2 protein chains.
Amino acid sequence: MPTLKDIAKKAGVAPSTVSRVINNSPRISEQTKVKVKKIMDELGYHPNINARNLVKQRSHNLGLVIPYSTEEAFADPFYSEILRAIGVLAHSKGFNLLLLTSNGEVEEKKTVLKAVRSKQIDGVLLLRAKKDDQLIKELNTINFPFVIVGRPEAKDKYYWVNNDNITASEKVVDYLIKKGHHKIAIILGDTNYTVNQDRLSGYKKSFIKNNLRVKEELIIQSAKIDHQSIYRLTQNIIKTQPEITAFYGMSDIIAYTIIQALNDLNLKIPQDISIIGFNNNPMSKIISPPLTTVDINTYLLGNKATELLIGVINKKIKTPQNTIVPTKLVKRSSCQKIK
Amino acid sequence: MPTLKDIAKKAGVAPSTVSRVINNSPRISEQTKVKVKKIMDELGYHPNINARNLVKQRSHNLGLVIPYSTEEAFADPFYSEILRAIGVLAHSKGFNLLLLTSNGEVEEKKTVLKAVRSKQIDGVLLLRAKKDDQLIKELNTINFPFVIVGRPEAKDKYYWVNNDNITASEKVVDYLIKKGHHKIAIILGDTNYTVNQDRLSGYKKSFIKNNLRVKEELIIQSAKIDHQSIYRLTQNIIKTQPEITAFYGMSDIIAYTIIQALNDLNLKIPQDISIIGFNNNPMSKIISPPLTTVDINTYLLGNKATELLIGVINKKIKTPQNTIVPTKLVKRSSCQKIK
DNA sequence: CTGAAAGCGCTAACAG
DNA sequence: CTGTTAGCGCTTTCAG
């Protein structure tokens, strides 16, 4: 494998000249540029990226933090989709993606900080925001570029991209209420995640706005959101509170399980009970009945976050800012009017 | 940010000693090791990975090639799941994952080879195998470590991990035939991918073995496997050939769409038509009716492939070999006996 | 426009 | 067991 020096020697120029050709420096004659390029092609030369990173102190890698790879979380198509969006933009801007996987909060922090300190990445994309997030705090104190997909607690201290989950969730419930539903059960995951907090706030806001009482017994929080847990919770609550007319799942994945749990009790959707989800996974239009849900524009979320991060890395963007990606209620046939 | 030299100076030892401490060299006294480590902690030292990579000519990064990020492909939970498996093992062995995304065959090859030649990765994991695969050939001629998840055309030239798709597919069809189905439509994607070739072979083998004629008009191949395409194809074929009693989708994702397309024609699954899929996505047990499918053990597929690749990288494994991961027919309620 | 030379931060002989 | 030293392959002043 030839090095820059080999090229220089063969071309009869100095290494610095070759370097200038590689980096497309303007102060170089067209003639030598062509000559050097030809020899690079001949010898099949490719710059060693580690050498470059070492002197430039820059890796052109973006670190990607996905919630600890529990089976459930990772299986959510939300991550596939946002990964795709991030990948496309990063690639077009000359950045690679480094997946920072881990299986626990402590290990996650370690893994990320190691990549940061060892200069393996130029910035971090955090695909989640939670209460009292140690990783966020640490990255902030060392002043390392990072962007959060989600809402951090300190809204104007960080760079972030998010939906307006509160309003979107409020509209979901407005929609159900307008259809005559008053007993709406909501099932959500760990409220340490701000996304769950916000969607719950929206739920409550709608009730209050519509002069209805928020019934705590209809709010089902569960740290575990695997299939089995949700399945059981759903069946329990519908048995103890058969007056429920609608279920609101905090993600489409959760909604799917709710549907199955109810079907297995011989309840028909939407005739007996209405269901609504959140995220608009590709699957949601396919299942039966097609699921009414909120499109959160996952692709744009990833795209904007990546753009923002690259801006911060390149110091084009210097003050904390955020982008709100619009959402849209997608009405399908899993909800029905109550007489 | 302190460097190795800073540590050496402060500790009053040579740089090489510090290096030995970092690399856990045995020929070093416990005493100095403790002393140096203390100072590393004090100054918050972390080795610069680019410098290390440069001298070691090793990056400890695994390149990951996912089929061109078309919306459809990436949304398949198969990729989330295998990514998780790969991530877990890679991480435990001290490797990071570099996502090599692209949007087209030519660009893909470029992206991967650039990462290879610039020494950014130590090995490549290919999550697909296709006919006349240029990337595979190129990686092979430059003798770069890579492992294929899938069956390459030249079976004993490469390192690969796969299911026995032919046999598994044959058993799928055996199962349907045993239930009395003779008119079984199969819907599959691009047959340039060996996975599709194999699953089709299995389909044919079963028919022949059972002394039934393979009807070409029941084999529906489509390069595009997005929702809309499959939906239309399904409705077309059932209209033109209403004698079909079962559909076999080459992936669960395809099967979901088939179900919807048939439901929309007021056909009941499994009463009117039986459906079977392949892959056993997490969703498949949740939808209604729960889908009969083949569990391909995605996690093990990823795990074995990663293990193999790391073995090749570390030169523990030197001759082409392959692993077959077992599959299992998962019987659920989307298939029914014909009278 | 081009060259010489120093150095990014680390490892690996080789000596001792 | 530890120190000295010469690079790994590239970029970047500084001269010219």
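Note that the coordinates shown come from a computational prediction; the quantities given were computed from them, not determined experimentally. Chain letters run A, B, ... following the sequence lines, proteins first and then strands; every chain starts at 1.
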*Would you mind telling me which of Arg128(B), Lys109(B), Glu153(B) makes a side-chain contact (heavy atoms from CB on, under 4.5 Å) with Asp133(B)?*
Arg128(B)

*asked:* Could you tell me how far apart Lys35(A) (NZ) and dC1(C) (P) are, to the nearest whole angstrom?
replied: 14 Å

*asked:* Checking contacts here: which listed nucleotide (dC10(D), dT2(C), dC8(D)) is nearest the side-chain heavy atoms of Thr32(A)?
replied: dT2(C)

*Nearest nucleotide by nearest heavy atom, which residue falls closer to the 5' end of DNA chain D, Ala51(B) or Ile28(B)?*
Ile28(B)

*Respond yes when some side-chain nitrogen or oxygen of Ser29(B) is under 4.0 Å from OP1 or OP2 of dT2(D), and no when none is.*
yes

*Which residue lies more 5' along DNA chain C, comparing Glu30(A) with Ile49(B) via nearest heavy atoms*: Glu30(A)

*To the nearest angstrom, how far is Lys5(B) atom NZ from dT4(D) atom P?*
12 Å

*Measure the distance from NE2 on His60(B) to C1' on dC10(C) and round it to the nearest whole Å.*
14 Å

*Option from Val149(A), Ile136(A), Thr323(A), Ile324(A) for which side-chain contact (heavy atoms from CB on, under 4.5 Å) with Trp160(A) holds*: Ile324(A)

*How many Å lie between CD1 on Ile22(B) and P on dG9(C), as a whole number?*
13 Å

*Any side-chain N or O of Asn50(A) under 4.0 Å from OP1/OP2 of dC10(D)?*
no

*Contact under 4.0 Å: Gln31(A) side-chain N or O vs dC1(C) OP1/OP2*: no

*Using a cut-off of strictly less than 4.0 Å between a heavy atom of the residue and any atom of DNA chain D, enumerate the qualifying residues of residues 11-20 of chain A by number.*
Ser16(A), Ser19(A), Arg20(A)

*Across the strands shown, which category fits Arg52(B) at heavy-atom distances under 4.0 angstrom: base, sugar-phosphate, nothing?*
sugar-phosphate

*So what does Asn53(B) touch, heavy atoms closer than 4.0 Å: a base, only the sugar-phosphate, or nothing?*
nothing

*asked:* Using a 3.5 Å distance criterion without hydrogens, assess whether the side chain of Tyr158(A) forms a donor-acceptor pair with backbone atoms of Lys137(A).
replied: no

_Closest to the Leu4(A) side chain, choosing from dG9(D), dC10(D), dC10(C)_ = dC10(D)

*asked:* So that I can tick it off, tell me whether Glu107(A) and Lys110(A) are bridged by a salt bridge, with the cut-off set at under 4.0 angstrom between side-chain N and carboxylate O.
replied: no

*Rounded to the nearest angstrom, tell me the gap between atom CD in Gln57(A) and atom P in dC10(C).*
10 Å

*Quick one: Lys9(A) NZ to dT2(C) C1', roughly how many Å, whole number?*
18 Å

*Please report, rounded to the nearest Å, how far the C1' atom of dG7(C) is from the CG atom of Leu54(B).*
12 Å

*Do side-chain atoms of Asp6(A) reach the backbone of Thr3(A) as a donor and acceptor pair under 3.5 angstrom?*
yes

*Are any side-chain N or O atoms of Asn314(B) and backbone N or O atoms of Lys316(B), one a donor and one an acceptor, separated by less than 3.5 Å?*
no

*If you count the non-hydrogen atoms of other residues, nucleotides and ligands that lie under 6.0 Å from NZ in Lys35(B), is the total more than 12?*
yes

*Atom pair distance, as rounded to whole Å: CG in Asn23(A) and P in dG9(D)*: 17 Å

